[in-house]
Amino acid sequence: MSAMRRGAGAGFALLLLIALLMACNHVAARLAFDHGASVATAVGFRSLGTALVVTLLVWRGGAWRSLRAREGRSLLFIGALIGVQSLLLYSAVARLPVALALLVFNTFPLLTAFWARVLYGHRPERAVLVAMPVILFGLVLALDVLGAASGLGAAGQWREIGAGVAFALSGAVMFALALVLTQHEAGAVDGRVRTLVSMAVVVVVACAAAAVQGGFQLPDAAPGWWGLVLLTVLYGTGITILFTVLPRLGVVGNSAVLNVEPVFALVVGWLVLRQSVAGMQMLGAIIVVAAVLWLGSRRR
């Protein structure tokens, strides 16, 4: 019994570590963007670094042998969705305080229920319907949609945040679709193989986006380079832990803990970037995170 408790405790700590790594990855990305790096550059560097690490893991484990042709085709499409989602989310991070961008993106559990209904006829669970208005109310407060905290008024506030919110919400739509397709079309594929194929396709998507913009735009100052390096290391480390260590601990059911990422982003964003939000926005953030945590951790 004590060994099981230690395993659960270690799994919970690793989930918190992953959430922290991902939050720091997005803060590092904003640092790179603020010093000249483009979104496509950040996504390309991050995904290439991760793909190289996961390639080694797949090669050593021989996991690629279990991949069937139909699953391979599905993974290519899922990888394209993840590529677009990565560009959209980083575009939101470049325009909004990091924590707010992640809060909007974390509506993806609701959108997952939507795609499951549209594509596979699954009725949304009652818990999703209950959580939906709570999450939306929390977002209204967190984003200060009426401009009360900022003093800009509704029109002025939406001029400031509109593009960033649209990017984050669009990224959530793409990510939710990728999750549903992964579950139904590639659920039996080894997690390392899924990650490798996804990251390889994301690199292609990022290169295409960079080509449209005239090439990769590298940072123009040392802090930007630090941000670019750190986002690559942090993201690669987080994903590697997620797909190699956690499944062995049997803590997949506790993955809702990962949704504390916006909270970590709020703290790290304040420490590194001096980004802050008003008290009412903080209350909204707490409501959103609490609702998403409840949605992910309830008994099924």
Side-chain angles (χ1 to χ4, degrees), residues 11 15 18-19 22 66-89 92 102-140 165-199 201-202 205 239 242-243 246-247 249-262 287-300:
L15 284 164
I18 292 170
M22 291 305 186
S66 62
L67 186 63
R68 295 191 293 266
R70 183 175 182 274
E71 293 169 334
R73 290 191 296 272
S74 297
L75 285 178
L76 289 177
F77 181 63
I78 292 167
L81 291 173
I82 296 296
V84 174
Q85 171 261 310
S86 299
L87 292 171
L88 290 168
L89 180 54
L102 294 177
L103 276 175
V104 177
F105 178 74
N106 269 24
T107 58
F108 70 81
L110 304 182
L111 295 164
T112 300
F114 166 77
W115 283 119
R117 174 62 174 170
V118 170
L119 297 178
Y120 298 100
H122 293 179
R123 291 185 176 276
E125 298 178 43
R126 183 175 180 274
V128 174
L129 299 178
V130 171
M132 187 179 301
V134 177
I135 291 174
L136 293 177
F137 173 70
L139 282 175
V140 167
V165 170
F167 279 124
L169 189 58
S170 298
V173 170
M174 294 294 103
F175 188 63
L177 178 56
L179 288 179
V180 171
L181 292 177
T182 297
Q183 177 183 347
H184 290 274
E185 306 298 335
V189 180
D190 187 283
R192 294 163 295 179
V193 176
R194 289 201 304 264
T195 305
L196 173 57
V197 175
S198 296
M199 290 302 103
V201 177
V202 172
V205 172
I239 286 295
L242 182 64
F243 284 111
L246 288 179
L249 295 175
V251 293
V252 177
N254 296 322
S255 59
V257 178
L258 294 173
N259 289 300
V260 302
E261 181 185 348
I287 291 172
V288 173
V289 171
V292 174
L293 280 172
W294 172 77
L295 192 60
S297 61
R298 70 196 186 285
R299 289 182 180 273
R300 289 177 171 82

- Item | Shortest non-hydrogen contact between Ser74 and Glu185, atoms and distance | OG-CB, 3.6 Å
- Residues Arg117, His122; criterion side chain to side chain contact (heavy atoms under 4.5 Å, CB included); working and verdict: CA-CA 4 Å; Arg117 174 62 174 170; His122 293 179; 5.7 Å; no
- Measure the shortest side-chain to side-chain distance between Pro109 and Val128 over non-hydrogen atoms and say whether it is less than 4.5 angstrom. no
- Message: Can you confirm whether Phe77 sits close enough to Leu75 that some side-chain heavy atom of one is under 4.5 Å from a side-chain heavy atom of the other?
- Response: no
- Message: So, taking the atom named CD in Gln85 and the one named CG in Leu179, what distance separates them when rounded to the nearest 0.5 Å?
- Response: 9.0 Å
- Looking at side-chain heavy atoms only, is the closest gap between Phe175 and Ile82 below 4.5 Å? yes
- Task: Any chance you could lay out the side chain to side chain contact (heavy atoms under 4.5 Å, CB included) test for Met22 and Ile239, step after step, and finish with the verdict?
- Result: CA-CA 9 Å; Met22 291 305 186; Ile239 286 295; 3.6 Å; yes
- What one should report as the nearest heavy-atom pair of Val205 and Gly83 is CG1-C, 4.0 Å
- Assess whether side chain to side chain contact (heavy atoms under 4.5 Å, CB included) is satisfied between Leu181 and Tyr120, documenting all intermediate values. CA-CA 10 Å; Leu181 292 177; Tyr120 298 100; 3.6 Å; yes
- Message: Please give me the minimum heavy-atom distance between Thr107 and Ile135, naming the atom from each residue.
- Response: CG2-CG2, 4.2 Å
- Message: Could you report the tightest heavy-atom contact between Leu129 and Pro124, atom names first, then the distance?
- Response: CD2-CG, 4.2 Å
- Note on the structure: The reported gap from OG in Ser170 to CG in Leu111 (rounded to nearest 0.5 angstrom) is 10.0 Å
- Query: Should Leu177 and Leu119 be marked as a side chain to side chain contact (heavy atoms under 4.5 Å, CB included) after you check the CA-CA gap, both sets of side-chain angles, and the distance that decides it?
  - Reply: CA-CA 9 Å; Leu177 178 56; Leu119 297 178; 3.5 Å; yes
- Nearest heavy-atom contact between Val288 and Gly138 is CG2-C, 3.5 Å
- Message: Within this structure, what is the CE-CG distance for the pair Met132 and Leu110, rounded to the nearest 0.5 Å?
- Response: 5.0 Å
- What pair of heavy atoms forms the shortest contact from Ser198 to Ile78, and how long is it? OG-CG2, 4.5 Å
- Item | Point-to-point distance, once rounded to the nearest 0.5 Å, from CG of Leu88 to CG of Leu169 | 10.0 Å
- Task: State whether the side chain of Trp115 and the backbone N or O of Val173 hold a donor-acceptor pair below 3.5 Å, judged by distance alone.
- Result: yes
